[in-house]
Amino acid sequence: MTYADIIVDISHEKVDRSFQYKVPEELQHKLQVGMVVTIPFGNGNHERKGYVIGLSDTPAFDTSRMKELTGICSSEETTEERLIALAAWMKNQYGSTMVQALKTVLPVREKVKAKEKRYIILNVSEEEAEKIAGKLESGRCKARARLVRALLEEKKLDYTKASKEFGMTASVLRPLADEGIVQVVQDEVYRMTVDGANIPHEELSILTEPQQEAFDQIQEEWKADPPRPVLIHGVTGSGKTQVYMKLIRQVIDEGKQVIVLVPEIALTYQTVRRFYGWFGEKVSVLNSRLSAGERYDQFKRAKRGEIQIMVGPRSALFTPFSNLGLIIIDEEHEQSYKSENSPRYHARETALYRAQMENARLVLGSATPSLEAYTKAKDGEFRLVKLDARFEDRPLPKVSVVDLREELREGNRSVLSRSLRKAIENRLKCGEQAILFLNRRGYAGFVSCRSCGEVLKCPHCDVALTEHNNGRLVCHYCGYEQPRVEKCPVCGSPYIGGFKAGTQQIEQVLHKNFPKARILRMDYDTTRAKGSYEKILSSFAAHEADILVGTQMIVKGHDFPDVTLVGALAADLSLNVADYRCAERTFQLLTQAVGRSGRGTKPGEAIIQSYHPDHYSIQTAAAQDYEAFYQEEMAYRMLMDYPPAAHMLSVLVSGENEELLEQGMDYLAKFVERIASRYRIPVIGPAYAAVGKVNDIYRKVLYLKHRDERILQDIKDKTEKYIELNSGFRRLYIQFDYT
DNA sequence: AGCACGCCGACT
DNA sequence: GTCGGCGTGCTC
């Protein structure tokens with residue numbers, strides 16, 4: 001006898017878990033994980049749809065009370081089936097529960113209600129309703145009377161609102177509906193996000209010679225069987241988008257569908273407009289501001305074949321297209337492709353799997369590819385396509401690096417070095433624009449010396465130590481701690497401490513230095529209001545300001561033709577983050593920033609200020625030399641066994657009670673150590689997570705590194721089982737993360 | 001979501 | 001005592 005774990009297709013949290021059913025004899029060899037089946041459910045044995053999420057030979061429930069599933073109904077639901085198989089893969093790969101994986105992949109389940117918004121309306125005249133209400137009140141039917149009264153007030157009553165606000169339940173409503181006094185109606189309206197109809201059609205531009213060459217190389221790869229994923233490494237401003245558009249056109253002409261993933265931040269009105277302009281009604285765009293219901297509507301349109309192209313952030317990867325032909329991931333290196341919630345999937349890896357499963361092609365693009373993708377390209381797993389020339393052969397900007405230690409020695413303590421100040425002055429004189437950029441991403445209080453640039457690092461992990469409120473310096477990988485230092489251990493200077501600089505202070509300094517300049521500031525504070533992001537950018541593009549100051553959000557893919565100067569104010573801010581990827585991120589940010597300069601007809605310039613002017617990530621970014629950066633960084637990852645040289649498994653445990661967390665983590669660490677010692681893998685940690693406390697929930701983390709992915713997966717599986725068997729972990733939340 | 005069960009106030 | 005509304009809890 002086999003038993004199937006099934007998730008019931010009822011959109012309610014209370015049944016959001018699996019139920020076990022017996023599999024009838026004749027279906028035993030046919031049934032597979034991911035199939036959609038019919039099951040009797042609940043007291044009335046109502047027939048419902050269910051998703052098979054697992055099969056086993058041993059029952060986990062009293063067999064005398066277990067029902068039998070009635071049939072397989074998957075013939076036309078192939079899209080769903082594939083997505084469920086994808087969820088099963090994600091569950092294994094990233095160590096989440098199946099329910100969590102299914103929820104990420106099939107937003108359909110929760111959203112049924114949101115889509116079919118239900119209303120209650122009166123089915124009788126108002127006078128009659130008044131009479132009925134009176135009768136109900138004099139009787140004992142207070143709840144029903146309440147409902148009728150509410151309907152007299154408000155003709156169309158929201159179903160969910162009604163049940164929430166005055167506790168209306170089905171047993172209150174049904175008699176009224178049966179007697180024909182009220183009626184339940186449903187609206188089915190698509191909530192359109194952007195009105196594509198008003199955007200004029202645009203023709204795709206003709207490819208430049210290098211673009212055409214890249215396109216041809218991709219065509220060649222697509223003829224192979226099976227075609228490899230393609231990585232387009234194109235310098236900033238080389239026009240990768242044009243190549244994508246041609247590829248998209250080709251694939252939809254074949255009658256297949258396309259998913260385009262873009263980083264959240266790039267989902268601007270401009271991008272959306274361009275897609276609508278080129279492909280009109282065939283496109284739909286998702287973004288995180290969309291409500292669950294709106295997102296469901298778009299997915300439904302995709303499933304019905306009303307659209308051919310879906311553009312959106314990582315969640316758009318799960319668009320239920322029936323004949324998927326191509327997945328494009330733009331700015332493939334972006335951090336936002338990695339999910340923060342369980343399953344902590346990476347869109348690049350997951351896209352690769354989905355593409356393989358559905359015979360779709362995959363194209364990644366970036367000016368600064370992730371080490372993971374570039375390594376695969378070097379190993380021949382991906383096809384590497386280069387786009388080396390900027391549009392119309394415009395030169396890359398001239399870059400210089402300023403040594404802030406030198407500035408301090410010369411007595412300049414301002415955030416602006418002398419050469420940067422001079423350069424800004426020049427731009428103002430010529431009526432050109434400047435962008436000043438503060439790469440604060442992931443900024444966590446590291447400690448550095450302003451005289452010699454020394455940064456305090458963990459002796460075991462080679463990542464920057466973080467200063468905590470209690471004054472101690474802590475490593476977030478292994479938990480190493482040491483007291484605060486008063487003097488620089490290398491040069492003895494007392495100028496050692498945390499880094500303090502914000503966009504606001506810089507704006508003030510600029511006002512003082514250049515009283516006539518018009519300055520715009522763009523950071524988290526100034527972009528919180530809806531639409532303000534667009535407003536600031538379009539105002540700067542229209543040259544209504546001379547200087548734009550901001551965090552990394554200003555360096556992403558915008559075209560400002562009058563900008564001829566970019567200044568990176570403190571490259572060290574992203575270089576010394578307590579994370580092994582900080583050099584990669586710094587290189588990416590600086591390269592992107594530098595690429596904003598000189599996009600128009602006038603040549604551009606860029607100035608990078610740093611306490612580590614000779615660090616390879618800064619030097620190679622200044623030289624715009626990706627290959628050199630890759631070699632250096634990869635050597636470092638090999639040396640330290642950091643990904644992609646090795647794989648890394650982290651176990652994140654969180655809980656409200658710090659003591660309980662501490663205890664649970666100790667037990668867990670002991671267990672993991674025992675398992676890992678069989679493979680001779682050292683366990684790193686436990687340590688407080690980089691963000692040690694979120695919303696009063698404490699977080700601790702363990703790390704394991706190994707070159708063989710399967711060994712880590714085995715350790716993860718065993719740990720998962722151990723957690724399941726021990727009730728002591730019930731009150732802790734445990735997440736696996738896998739890189 | 002839908003159904004049974006059990007509590008509680010009103011009425012024969 | 002009994003009837004029926006209405007909240008609660010369970011569904012393999």
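Both backbone and side-chain heavy atoms feed into the values below; hydrogens, waters and symmetry mates do not. A, B, ... follow the sequence lines: proteins, then strands. Residue 1 opens every chain.
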Donor-acceptor contact below 3.5 Å, side chain A:Q257 vs main chain A:I307: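 It does not hold such a pair.
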To the nearest Å, how far apart are [X] [atom1] and [N] [atom2]?
{"X": "A:L55", "N": "C:dC12", "atom1": "CG", "atom2": "P", "answer": "19 Å"}
{"X": "A:L147", "N": "C:dG5", "atom1": "CG", "atom2": "P", "answer": "15 Å"}
{"X": "A:I6", "N": "C:dT11", "atom1": "CD1", "atom2": "P", "answer": "16 Å"}
{"X": "A:H46", "N": "C:dT11", "atom1": "NE2", "atom2": "P", "answer": "17 Å"}
{"X": "A:D62", "N": "C:dT11", "atom1": "CG", "atom2": "P", "answer": "11 Å"}
{"X": "A:K67", "N": "C:dC10", "atom1": "NZ", "atom2": "C1'", "answer": "11 Å"}
{"X": "A:I53", "N": "C:dC12", "atom1": "CD1", "atom2": "C1'", "answer": "12 Å"}
{"X": "A:I39", "N": "B:dG2", "atom1": "CD1", "atom2": "C1'", "answer": "14 Å"}

message: Just by distance, no angles: are the side chains of A:S64 and A:D62 close enough, under 3.5 Å, to form a donor-acceptor pair?
response: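 Checked: A:S64/A:D62 side chains pair up, N/O donor to acceptor below 3.5 Å.
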query: Can we call the ring centroids of A:Y353 and A:Y345 under 6.0 Å apart?
result: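 No, they do not, as the ring centres are separated by 6.0 Å or more.
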query: When the ring centroid of A:F19 is compared with that of A:F41, is the distance short of 6.0 Å?
result: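 Aromatic pair counts; centres sit under 6.0 Å.
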message: It should be established whether A:R65 places a side-chain nitrogen or oxygen under 4.0 Å from OP1 or OP2 of nucleotide C:dT11.
response: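 For C:dT11, OP1/OP2 do have a side-chain N/O of A:R65 under 4.0 Å.
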Proximity to the side chain of A:Y21 - top-ranked nucleotide from C:dC6, C:dC12, B:dC3: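 Closest of the options to the side chain of A:Y21: C:dC12.
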Show me the protein contacts with nucleotides 4-8 of chain B, counting only N or O atoms at under 3.5 Å.
none

- request: Indicate whether A:F19 forms a stack on C:dC12; treat it as stacked only if centroid distance is below 5.5 angstrom and interplanar angle below 30 degrees.
  value: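 Per 5.5 Å and 30° rule: no stacking.
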field: Pairing residues for A:Y533 by the ring-ring contact (aromatic ring centres under 6.0 Å, His included) criterion, not counting sequence neighbours
entry: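 Checked A:Y533 against ring-ring contact (aromatic ring centres under 6.0 Å, His included); zero matches.
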field: Distance in Å, A:L704 CG paired with A:I681 CD1, rounded so as to fall on 0.5 Å steps
entry: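 Reported value, rounded in 0.5 Å steps: 6.0 Å.
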message: How long is the straight-line distance from CD1 of A:I711 back to OH of A:Y679, given to the nearest 0.5 Å?
response: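 These two atoms lie 6.0 Å from each other.
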